There are 2 protein chains.
Amino acid sequence: MRLTTDKLADILREHNYKVTPQRRVVVDVLVHSNEHMTPSTIYEKARQKHPRVGLVTVYRTLDILSGLGLICELHTLDNNHSYLMRETDKPHHHLICSECGKVIDFTDCGLGALEKRLSLETGFEIEEHLLEFHGLCCHCQTITAKREKNEKTAT
Amino acid sequence: MRLTTDKLADILREHNYKVTPQRRVVVDVLVHSNEHMTPSTIYEKARQKHPRVGLVTVYRTLDILSGLGLICELHTLDNNHSYLMRETDKPHHHLICSECGKVIDFTDCGLGALEKRLSLETGFEIEEHLLEFHGLCCHCQTITAKREKNEKTAT
DNA sequence: TCACTAACTGAAAACGTTTTTCAATTAGCA
DNA sequence: TGCTAATTGAAAAACGTTTTCAGTTAGTGA
Ligand SMILES: [Zn+2]
Ligand SMILES: [Zn+2]
Ligand SMILES: [Zn+2]
Ligand SMILES: [Zn+2]
């Protein structure tokens, strides 16, 4: 189930955050995207809808939404954070193409047993886990294969 | 099995990298640490052994070692990278205390089956995965519990 | 409806990490 | 030993993110 901008505005108010035009625009950008976006991408899209939005506000809004558990944060290896509105309550994980950055979400990781075992062995109280698979998507596999073939021919 | 500084120097030479005093010092720092260290920590320790080492060289050496798969990179949520010399060929994963930063390594994640399933379902060619558990270590659990008790008493 | 106030705003500066640039130095090899 | 491509550190640039601060405003309640 996908939340609307209005519904999210209500949630913000419920938690005593003011619903300013700027916040509404940032939320709107997130609601209408199916891809994980970096803060600066969100900033650019937000400016197209409403020129008076600052990058700072994007960061601050992301902080709030993240604190409320409404968005998922993606941690790619090249030190870029991306965000996507959550659709379900289930925690989900990512399969990321290291070539083109394409992201596929999946939910069932089956790590419950491992989590329990580690908790017992180490005494840790485990709160969450981060799981990402990295590799090449279909498309990039073909491209890479082609390039390697060409390089071989050239040599 | 743990590699020595000399053995690592050989590996570098095998891959056509020159073994300079600076690189040797950086490698030495890594070899003699049991904890994941950030580039700037490595830099400080390296300077104690050999004042003429620059932070840039630390970054460059880490890049090389990483490319050769000799060190493991730790990606904490607060955007700090840390590095540790690898001891085995097995990929290993991390259990991180979100309070004090303590890291425990573990090896068996049992994600092979999931990896195979995802690969089939999505057509991805999966190269690696990143798995981190986050939570509170024994010590920090006690501290947090105490603090919460005190706060309750104060109110 | 209006006035009040705490919350919010953007610009600019500060921040910490990482990368690039470049002239000087040096490891490895013949 | 002398050559050369690789490597070096200082400095500057680049980058994503946070802080600061004076001005603005959403929401509240009279
Ligand atoms: Zn996601
Ligand atoms: Zn791809
Ligand atoms: Zn490790
Ligand atoms: Zn701890």
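These values consider heavy atoms only, across backbone and side chains, with no hydrogens, waters or symmetry-generated copies. Everything numeric in this text was worked out from a predicted model, so none of it was measured. Below, chains carry the letters A, B, ... as their sequence lines are ordered, and counting in each starts from 1.
Contact annotation for B/Pro21: backbone-only contact, meaning every heavy-atom pair under 4.0 Å involves sugar-phosphate atoms and none involves a base.
When every heavy atom of B/Val58 is checked against every heavy atom of B/Pro39, the shortest pair comes out as CG1-O, 3.7 Å. The shortest non-hydrogen separation linking B/Arg23 to B/Lys18 is NH1-O, 2.8 Å.
Atom CD in A/Gln22 sits about 10 Å away from atom P in C/dA11, given to the nearest Å. Atom P of nucleotide C/dG16 and atom CG of B/Leu55 are separated by 14 Å, given to the nearest angstrom. Note: NE2 (A/His50) to P (C/dC8) measures 16 Å, nearest angstrom. Nucleotide D/dA26 holds its P atom 8 Å from the NZ atom of A/Lys18, rounded to whole Å. D/dA10 atom P lies 11 Å from atom CZ of B/Arg60, rounded to whole Å. One atom, CG of A/Asn16, and another, C1' of C/dA6, lie 11 Å apart when rounded to the nearest Å. In this structure, A/Ile64 places its CD1 atom 12 Å from P of C/dA7, rounding to the nearest Å. In this structure, B/Tyr17 atom OH and C/dC29 atom C1' are separated by 19 Å, rounded to whole Å.
Contact check, B/Arg23 against C/dA27: no side-chain N or O comes under 4.0 Å of OP1 or OP2. For the pair B/Thr20 and C/dA27, the criterion of a side-chain N or O lying under 4.0 Å from OP1 or OP2 is not met. In this model, the phosphate group of D/dT17 is approached by a side-chain N or O of A/His81 to a distance below 4.0 Å at OP1 or OP2. Not one side-chain nitrogen or oxygen of B/Arg52 sits closer than 4.0 Å to the OP1 or OP2 atom of D/dT8.
A donor-acceptor contact closer than 3.5 angstrom links the side chains of A/Asp28 and A/Thr5.
Summarising the local packing, CZ of B/Arg52 is surrounded by 12 or fewer heavy atoms from other residues, nucleotides or ligands at distances under 6.0 Å.
Comparing B/Arg13 and B/Asp63, the nucleotide of DNA chain C nearest to each residue sits closer to the 5' end for B/Asp63.
Using a 4.5 Å heavy-atom cutoff, the side chains of B/Arg86 and B/Leu3 are not in contact.
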